[in-house]
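Atoms within a ligand are numbered from 1 in the order they appear, just like the ligands themselves. Positions are given from 1, in the same order as the sequence printed here.
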Amino acid sequence: MSDLKTWDYLRREAKDRLEAGGFVDGDQEAQWLVEEVSGMDSAELIASAKTFASVRATEQLDTLLARRLIGEPLQYVLGSWSFRGIDLMVDRRVLIPRPETETLVGLALIEAQRMGLQPEEVVVDLGTGSGAIAIGLAAQLFEVAIWATDVDSRALEVARANVAARGRMSAGIQIVQGSWFDALPHELSGRVRLVVSNPPYIAEDEIPELPPGVIDYEPFSAIVSGPTGSEHIETILLAAQDWLTDDGVVLIELDPRRAKKTHTYALSVGFAGAVIENDLTGQPRFLIARR
Ligand SMILES: C[S@@+](CC[C@H](N)C(=O)[O-])C[C@H]1O[C@@H](n2cnc3c(N)ncnc32)[C@H](O)[C@@H]1O
């Protein structure tokens, strides 16, 4: 019994260990880790501050801290992350959904409204990973047919779990495996009104510039496109010509260094108009290409 520690003690101990390990957000991370192992939210933890944690929870916290202290991303350690207010399961099979992609979904919803998207019309999330984009869209676009694709079967396991966890809200999402548009049934050719995608867009020689932890933990094939970084984006923009309706739109997240080049490419393969939108840090991050 004497080894038992209170939740408050465990939280402070975790904070100290994280800060000693150089984590500037040690206080916040300790809070989230303790919430995870206790199953309590912040208010419940305050009320239970002087309660003793079980040995099992204490050991589990120690395991999570050890993973975090060697540099594993917090999102994988926690096993879930919020995307547009929706809690998604994440692990090393999928890219951690980023704030930029939340903005991409916001832009797609504005576009859907501008287009007057109707129930049963077809929207596609290419390279769905955790399912973040498809689920973010489904939360607002009721009764639209959303197809979520990925080439990676392990990523699709996570997407399926996340879609299932949303219940009826994501009932309109179909998950299919294959490379970009090849995953879709042929009947959808010429019927897709909106494509939203965050494909891999890092060039091979840019890998050393990535923040620590990214290439060590996140799936390589979710991040790196190839020698130029534009390979996948160009494949999608070109193939989109066969799949979109006459007024169809593609929204793609991209590397700001290649925004201008991608804009030019979109016009060269047949889009009538294209604009680049900035992310929240003011970087040119998204292409909206309209037929
Ligand atoms: C940058 S991640 C985006 C994941 C998720 N959409 C998000 O925004 O968090 C790119 C995704 O594209 C998938 N991908 C890579 N190559 C692909 C291909 N040829 N066809 C379909 N998906 C592919 C990866 O498996 C990965 O899940």
Side-chain angles (χ1 to χ4, degrees), residues 73 75-76 80-109 123-139 146-163 170 173-184 188 192 194-204 206-207 210-211 213-215 217-240 243 250-256 258 262 279-280 285-287:
Q75 296 89 339
Y76 290 154
S80 66
W81 199 240
S82 172
F83 182 80
R84 292 180 60 87
I86 300 167
D87 206 30
L88 294 177
M89 167 186 137
V90 290
D91 62 28
R92 292 183 66 175
R93 292 172 288 181
V94 293
L95 187 97
I96 298 163
R98 304 290 204 272
E100 293 89 320
T101 312
E102 297 183 309
T103 303
L104 175 72
V105 171
L107 290 170
L109 291 170
V123 173
V124 178
D125 166 15
L126 294 177
T128 195
S130 61
I133 293 174
I135 292 169
L137 292 171
I146 300 176
W147 291 76
T149 83
D150 208 292
V151 76
D152 183 342
S153 60
R154 283 166 51 80
L156 288 181
E157 290 166 6
V158 178
R160 278 196 191 93
N162 280 322
V163 165
S170 60
I173 301 178
Q174 303 252 22
I175 296 180
V176 280
Q177 188 181 1
S179 186
W180 306 129
F181 289 99
D182 294 348
L184 299 176
L188 292 189
V192 178
L194 191 60
V195 172
V196 189
S197 183
N198 173 24
Y201 55 69
I202 299 299
E204 283 162 1
E206 294 163 354
I207 295 172
L210 291 170
V214 172
I215 215 68
Y217 287 95
E218 298 193 73
F220 187 89
S221 60
I223 294 165
V224 180
S225 172
T228 70
S230 297
E231 293 83 354
H232 288 309
I233 290 181
E234 292 183 358
T235 299
I236 292 169
L237 290 172
L238 185 61
W243 291 87
V250 175
L251 285 98
I252 288 201
E253 186 173 321
L254 45 74
D255 188 297
R258 287 179 276 284
T262 310
D279 63 22
L280 294 176
R285 176 73 65 181
F286 313 104
L287 171 80

Completion exercise
Taking only non-hydrogen atoms of P97 and a 4.0 Å limit, the atoms of ligand 1 in range are 9 (O)
Handout entry: 4.5 Å side-chain heavy-atom contact, L109 and R84
Key = yes
Practice task
Considering heavy atoms of the protein only, find what lies nearest to atom 19 (N) of ligand 1 and give residue, atom and distance to 0.1 Å.
Solution key: S179 OG, 3.0 Å
Fill in the blank from the handout: re atom 16 (N) of ligand 1, the protein heavy-atom contact at minimum distance is W180 CZ2, 3.7 Å
Handout entry: Atom pair OG/CH2 of S130 and W81 - distance to nearest 0.5 Å
Key = 13.0 Å
Handout entry: Which residue and heavy atom of the protein sit nearest atom 15 (C) of ligand 1, plus the separation
Key = S221 O, 3.4 Å
Handout entry: Closest non-hydrogen atom pair between E206 and D255, with its separation
Key = OE1-OD2, 4.1 Å
Exercise for the section: Could you check whether the rings of F181 and W243 sit parallel, tilted or perpendicular, using 30° and 60° as the cut-offs? Expected result: parallel
Problem - Ligand-side contact atoms (ligand 1) for residue partner G178, heavy atom cut-off under 4.0 Å - result: 20 (N), 21 (C)
Fill in the blank from the handout: Across all chains, not counting sequence neighbours, the ring pair (Phe, Tyr, Trp, His ring centres under 6.0 Å) partners of Y76 are none
Problem - Taking atom 1 (C) of ligand 1 as the reference point, the nearest protein heavy atom with its distance - result: A222 O, 2.9 Å
Handout entry: Selection residues 148-160 - residue pairs positive for salt bridge (Lys or Arg N to Asp or Glu O under 4.0 Å), sequence neighbours left out
Key = R93-E157
Exercise for the section: State whether the shortest distance between N or O atoms of G127 and N or O atoms of ligand 1 falls below 3.5 angstrom. Expected result: yes
Exercise for the section: Just go through I133, D150, I236 and tell me whose heavy atom is the nearest to atom 26 (C) of ligand 1. Expected result: D150
Handout entry: Side chain to side chain, I236 and L126, heavy atoms closer than 4.5 Å
Key = yes
Handout entry: Contacting atoms of ligand 1, where contact means under 4.0 angstrom from a heavy atom of D152
Key = 25 (O)
Problem - Subset of ligand 1 atoms that lie under 4.0 Å from at least one heavy atom of T101 - result: 8 (O)
Completion exercise
Among L95, N198, V94, T128, the residue with a heavy atom nearest to atom 5 (C) of ligand 1 is T128
Handout entry: Donor-acceptor pair, side chain of S80 and main chain of D87, under 3.5 angstrom
Key = no
